[in-house]
Amino acid sequence: MRHSTALFGAVLAGVVLSMTLEAPAGADEPGFSVRVTAPEEFTTGESAKTVTAVVTSENRRCRKVRWALLVHSGLQDDQLAVVRVEDDGEFRTSTSTSGITTTFLDDQLDPGTLCRGRTVTGRWQVAFTGPDAGQVQFEAQAFDAQGTLLTAGGASVQVESDEEPAPSPSPSPSPSAEAEPEPAGETDETSETPAAGSGDESRDAEAALVSEDSFLLGPGLIVGGVFVFLGVLLLLRIRSRSRSARQESQRVPTGFYTMPR
């Protein structure tokens, strides 16, 4: 029984693959329809979002359903993560890839039963991990227990990349902008400001020198006057002595001498 189930799954997978390669799947049985619901967009690297397919029947006969989800994206296997889920948790599937299409086929029949006025729902948690972005198409196919395609439907979504676009280089300034002179008024004010500052500094330095010279001028004049006065006295004294010596040397003897007898 186990071998026959595996063989049936392999045969059904081959049938689904061949149908995918030949043409878009169409309903083989009248009175069945499927509606596929998907988020408007996915973002790579974010948590998984749910893709849902609901099949309805207008036939009185009830049937069991096996789901297949086809993802037309062209992504690598490591860039796409799909998990089939039911109310009690993960539902096992088989995966095959051909060209740009990856197929996820249920290993077993869906727990629900499709009857008139009763639906069967398939749910898949889908996430994109690759850096590529673009348009992705989901196609849900509903088979009966004998592998007959009952109906198929699809939905297209946009997958956005989580990578931020590289910043555009800032435009280099034009030569005319670089060579544009500054306004004349600003230039004059700028040039005058340092000149005023340097003039104030020069006046401060000159005032400091004048005050210092004024402080030293009084004692210097006094000391200089004393030395000049002493020099004049010394010259007068020397001149007086010279005059006295000259007069002494020119003096004629006036005394009377006794004549010898």
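No hydrogens, no waters, no symmetry mates; every other heavy atom, side chains included, goes into these values. Counting begins at 1 with the first residue of the sequence.
Closest heavy-atom contact between V55 and L114: O-CD1, 3.5 Å. The heavy-atom pair separating V34 from A140 by the smallest distance is CG1-O, 4.2 Å. Heavy atoms only, all atoms of each residue included: G147 and F143 are closest at O-CD2, 3.5 Å. Nearest heavy atom pair, residue N59 against residue R63, reads ND2-NH2, 4.3 Å. Counting all heavy atoms, side chain and backbone alike, P39 lies closest to T50 at CD-O, 3.4 Å. Here the closest non-hydrogen pair linking K64 and G112 is NZ-O, 3.0 Å.
Checked against side chain to side chain contact (heavy atoms under 4.5 Å, CB included), V54 has the following partners two or more places apart in sequence or in another chain: T52, T119, T121. For V232, the side chain to side chain contact (heavy atoms under 4.5 Å, CB included) test picks out V228, L236, with sequence neighbours left out. Among residues two or more places apart in sequence or in another chain, the side chain to side chain contact (heavy atoms under 4.5 Å, CB included) test is passed with A38 by V51, F138, A155, V157. Shown here are the salt bridge (charged side-chain N to carboxylate O under 4.0 Å, His left out) partners of D78, two or more places apart in sequence or in another chain: there are none. The salt bridge (charged side-chain N to carboxylate O under 4.0 Å, His left out) search around E86 returns R84, not counting sequence neighbours. For R241, there are no salt bridge (charged side-chain N to carboxylate O under 4.0 Å, His left out) partners, not counting sequence neighbours.
Of the inter-residue distances, the one linking Q108 atom CD with R66 atom CZ reads 8.0 Å to the nearest 0.5 angstrom. If you take CG on L105 and OG1 on T93, they are separated by 8.0 Å, rounding to the nearest 0.5 Å. The line from OG of S94 to CG of D107 is 3.5 Å long, rounded to the nearest 0.5 Å. Atoms CZ and OG1, on F104 and T97 in that order, are 7.0 Å from each other to the nearest 0.5 Å. In this structure, the separation between CZ on F32 and CG on D144 is 7.5 Å, given to the nearest 0.5 Å. Note that the CG atom of L69 and the OG1 atom of T95 stand 10.0 Å from one another [nearest 0.5 Å].
No hydrogens or angles considered: nothing links the side chains of T151 and S33 as a donor-acceptor pair under 3.5 Å. No side-chain N or O of T44 forms a donor-acceptor pair with one of E160 less than 3.5 Å apart. With hydrogens and angles left out, the side-chain atoms of Q137 and E139 include no donor and acceptor closer than 3.5 Å.
Here I238 sits in one hydrophobic cluster together with L234; the rule is ILVMFWY side chains under 4.5 Å apart, joined directly or through other members. Connectivity analysis of hydrophobic side chains (ILVMFWY, heavy atoms under 4.5 Å, direct or indirect) links V83 to V85. Clustering of Ile, Leu, Val, Met, Phe, Trp and Tyr side chains at separations under 4.5 Å leaves F91 isolated, with no partner residue. Think of I100 as one node in a network of Ile, Leu, Val, Met, Phe, Trp and Tyr side chains linked at under 4.5 Å; it has no links at all.
Pairs engaging residues 38-129 under the disulfide (SG to SG under 2.5 Å) rule: C62-C115 [sequence neighbours left out]. The salt bridge (charged side-chain N to carboxylate O under 4.0 Å, His left out) analysis of residues 46-59, with sequence neighbours excluded, yields no pairs.
A salt bridge does not link R123 with D110: every distance from a Lys NZ or Arg NE/NH1/NH2 to an Asp or Glu carboxylate oxygen is 4.0 Å or more.
Within the 4.5 Å cutoff, side-chain heavy atoms of V126 are placed close to those of F42.
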